[in-house]
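Quick note on labels: first sequence line is chain A, next is B, and so on, each numbered from 1.
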Amino acid sequence: MHVSLLDVLRIKMEEKYEDGVKWKSLEHNGPYFPPEYQPLPDDVHFYYDGKKMKLSAAAEEVALFFAQMLDHEYTTKKVFRENFFKDWRKEMSPEEKSVIKDLDKCDFSEIHAMHKARVEARKNLSKEEKQTLKEANQKIVEEFGYCLLDHHKERIGNFKIEPPGLFRGRGEHPKQGMLKKRIQPEEVIINCSKDARIPDPPPGHHWKEVRHDNTVTWLASWTENIQGAIKYIMLNANSKLKGEKDWEKYEIARKLKSCVDDIRDTYLRDLKSKEMVTRQRAVALYFIDKLALRAGNEKEEGETADTVGCCSLRVEHITLHEQLDGSKCVVEFDFLGKDSIRYYNKVPVISKVFKSLKRFMDNKEPGDELFDRLNTSLLNKHLSSLMPGLTAKVFRTYNASITLQQQLKELTNKKLLSYNRANRAVAILCNHQRAPPKTFEQSMANLQAKVSLVERKKAAVKRCEEQLLKMEVQATDREENKQIALGTSKLNYLDPRISVAWCKNMDVPIEKIYNKTQREKFAWAIDMTEADFEF
DNA sequence: CTAGGAACTTAGGACCTACTGA
DNA sequence: TCAGTAGGTCCTAAGTTCCTAG
């Protein structure tokens, strides 16, 4: 009987718990709430239209949020200011509301100066004061930062309720500047096991609900007021639960490795389909596979910044070039992706893809969807029929990891610059001998003499050279890294076992590759990986 | 099917700290 | 000794995916 990796996975998970159950027992102390608002000292004033004005606590708190951000460029943005002012007015008393009608007439400068002074003062605290502060923080971590999951003590990822403030968002976010409200215990749902001690709400308060749902991994949740999204308190990445999930993710990506050729054949064949949906799906898949684009869910207009992924690409985001820079069939991409990060790329594609794209763009406006018959759910449904567990994002994981493995193999060859040593080893093995040259003894002695003469200067030169080399490497590294964030891929896409195996093979200490946090997160991989691991 | 909700992963930026090189 | 930087941590926004109700 053939047992696939995924079957093994499923068996392993089932072994633990039946269907969807994530834990048997869960106990914790609830979330940590940010401190109450402290009103401004009496000598710090807000002015409206040049006149001193004492604000109510609620309005003052929001004014402080704005004053704190005054050095940031976005407090000058129209959308930000309008959203802020609208929300601020909601916090004002009727009297305040009747007076404060124009943000331009508001003078926050004293509040701003006070804030800057506070930041400065914090920076200038003595060593002892800083230590005291640190210990106080440590105390909070000890009390709220851990939970007991199936009787194992685990670190919680984000045990703090998000403090109130002004929403920024990324890119041209239509909701920037809106007030992100303070969360009360009455809005928080606690999740723990039935037999666990229910965490105490802050004095005088109660929880919204205490539930005992062991099919989810979160410990507490609340609904945030900007997008109406639910926020969760969950475990740290170094926890068993998260680690197993991570391992599972990479196993699915490895499974893709075994069938990616078939899948590629399939979508290349689908490019010729008479069905429009199928052709669009094939082109989208081609992009996702070749360019590691994200799936691209549709988003509600006006709720978020205008960003796209593969399925939500619009005609305006690509330009077709029959001929560009000596290549045929070039697609020029220019769009804002996740976090409003620009994706710009010129890619030669196969002619079938190129022709299909032309068709998709026929009779469309720039603002129209490129893949008008396609969405992520259709795409993922198709993918899961090709391989269980396969979704669009698996391609990113797979392509990232396989690329690392290939690159490491190539670099490895170069690194074994001791080609000559290898050659010699082979020669010894094969007994390829020769008689020592007659002049060997003398020439060696000569050399030795010269060596001791030049030694000193050489050492100096060597030091300089080493410095130079180091600087050159640094410069290259920095230049290449200018716009590249290595952390994200390391943390989310690269199967850690590739790196662990490489370290073992190359005799590189794992600390050179992973910092403490990363070692904790990837503890599962460090433990289980042999040098011969193949992704 | 479609929309919206829920749960979870992925992501960049702010801030903090330890190190380094002048 | 001190400023500047690199790297780590924290924070939470912004994605993906799955599920459910109509």
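- Put simply, the side chain of A:Lys299 does not reach to within 4.5 Å of the side chain of A:Val308, judged on heavy atoms.
- Closest to the side chain of A:Ile230, out of B:dA7, C:dT9, B:dT9, is B:dA7.
- Side-chain atoms of A:Lys22 and A:Thr215 include no donor-acceptor pair closer than 3.5 Å.
- For A:Phe167, counting side-chain heavy atoms from C-beta on, the closest listed nucleotide (B:dC8, C:dA13, C:dT17) is C:dA13.
- Checking C:dT12, B:dA7, B:dT10 against the side-chain heavy atoms of A:Lys231 singles out C:dT12 as nearest.
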Let me see the working for A:Glu162 and A:Arg182 under salt bridge (charged side-chain N to carboxylate O under 4.0 Å, His left out), right down to the final yes or no. CA-CA 8 Å; A:Glu162 295 174 16; A:Arg182 183 179 289 275; over 6 Å; no
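- Within 4.0 Å of A:Gly337, counting heavy atoms only, lie sugar-phosphate atoms of the nucleic acid but no base atom.
- Rounded to a whole Å, the CE atom of A:Met178 is 16 Å from the C1' atom of C:dT12.
- Between the base of B:dT9 and the side chain of A:Lys245 there is no donor-acceptor pair shorter than 3.5 Å.
- Heavy-atom distances to DNA chain C give each of A:Tyr514 and A:Ala392 a nearest nucleotide, and the one nearer the 5′ end belongs to A:Tyr514.
- Comparing A:Ile161 and A:Cys310 by the nucleotide of DNA chain C that holds the closest heavy atom to each, the one mapping nearer the 5' end is A:Ile161.
- Phosphate contact (OP1/OP2 of C:dA13, side-chain N/O of A:Lys175, threshold under 4.0 Å): absent.
- A cation-pi contact, defined as under 6.0 Å to the ring centre and within 45° of the axis, links A:Lys153 to A:Tyr146.
- Residue A:Thr391 has a polar side-chain atom (N or O) positioned under 4.0 Å from OP1 or OP2 of C:dT17.
- For A:Lys249, a side-chain nitrogen or oxygen approaches OP1 or OP2 of B:dT10 to under 4.0 Å.
- Checking side-chain atoms of A:Trp88 against main-chain N and O of A:Asn83 turns up no donor-acceptor pair under 3.5 Å.
- In terms of phosphate contacts, A:Asn380 brings a side-chain nitrogen or oxygen within less than 4.0 Å of OP1 or OP2 of C:dT17.
- Looking at heavy-atom distances under 4.0 Å, A:Asn515 makes contact with sugar-phosphate atoms alone, never a base.
- Contact check, A:Lys134 against B:dC16: no side-chain N or O comes under 4.0 Å of OP1 or OP2.
- Ionic pairing of A:Asp495 and A:Arg497 is present here: one or more N-O contacts between side-chain nitrogen and carboxylate oxygen are shorter than 4.0 angstrom.
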Which pairs, protein N/O on one side and nucleotides 20-22 of chain C N/O on the other, fall under 3.5 Å?
none

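- Note on A:Thr217: only backbone sugar-phosphate atoms sit closer than 4.0 angstrom, heavy atoms only; bases stay farther off.
- The shortest distance between the side-chain N/O atoms of A:Lys22 and the OP1/OP2 oxygens of B:dC8 is below 4.0 Å.
- Each of A:Lys338 and A:Asp213 was assigned the nucleotide of DNA chain B with the nearest heavy atom; the assignment lying further toward the 5' end belongs to A:Asp213.
- Where A:Arg211 and A:Glu298 each meet DNA chain B at their nearest nucleotide, the meeting point lying more 5' is that of A:Glu298.
- Listed pair A:Lys516 / C:dG8 fails the phosphate criterion, with no side-chain N or O lying under 4.0 Å from OP1 or OP2.
- Using a cut-off of 4.0 Å between Lys/Arg side-chain N and Asp/Glu carboxylate O, A:Lys240 and A:Asp150 are scored as not salt-bridged.
- At least one side-chain heavy atom of A:Phe108 sits under 4.5 Å from a side-chain heavy atom of A:Phe66.
- Closest contact between the side chain of A:Pro163 and the listed nucleotides C:dT16, B:dA11, C:dT12 involves C:dT12.
- In terms of phosphate contacts, A:Lys393 brings a side-chain nitrogen or oxygen within less than 4.0 Å of OP1 or OP2 of B:dT10.
- Here B:dG12 is the nucleotide among C:dG15, C:dT17, B:dG12 with the atom lying nearest to any side-chain atom of A:Ile341.
- The side chain of A:Lys180 lies closest to C:dT12, out of C:dG15, B:dA7, C:dT12.
- For the OP1/OP2 pair of C:dG15 and a distance below 4.0 Å, the side-chain nitrogens and oxygens of A:Thr307 include at least one atom meeting the criterion.
- Taking side-chain N and O atoms only, A:Arg168 has no distance below 4.0 Å to OP1 or OP2 of B:dG12.
- In this structure, the side chain of A:Lys257 engages the main chain of A:Phe535 through a donor-acceptor pair within 3.5 Å.
- For the pair A:Gln227 CD and C:dA14 C1', the computed distance is 9 Å after rounding to whole Å.
- Between B:dT9 and A:Arg396, no contact under 4.0 Å exists linking OP1 or OP2 to a side-chain N or O.
- Nearest nucleotide to the side chain of A:Glu162, out of C:dA14, C:dT12, B:dA6: C:dT12.
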Quick one: do A:Lys77 and A:Glu172 satisfy salt bridge (charged side-chain N to carboxylate O under 4.0 Å, His left out)? Show the steps, please. CA-CA 10 Å; A:Lys77 286 192 164 182; A:Glu172 287 305 316; 2.9 Å; yes
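- Within the 4.0 Å cut-off from OP1 or OP2 of B:dA11, at least one side-chain nitrogen or oxygen of A:Tyr493 is found.
- Here A:Ser221 does not reach the OP1 or OP2 of B:dA7: none of its side-chain N or O atoms lies under 4.0 Å away.
- The A:Met234 side chain lies nearest to B:dA7 when the options are C:dG15, C:dC18, B:dA7.
- Relative to the side chain of A:Arg170, the nucleotides B:dA7, B:dT10, C:dT12 differ in distance, and C:dT12 lies closest.
- Out of C:dT9, C:dT12, B:dT10, the shortest distance to the side chain of A:Asn158 is found at C:dT12.
- Within the 4.0 angstrom heavy-atom criterion, no nucleotide atom of any strand lies near A:Gly309.
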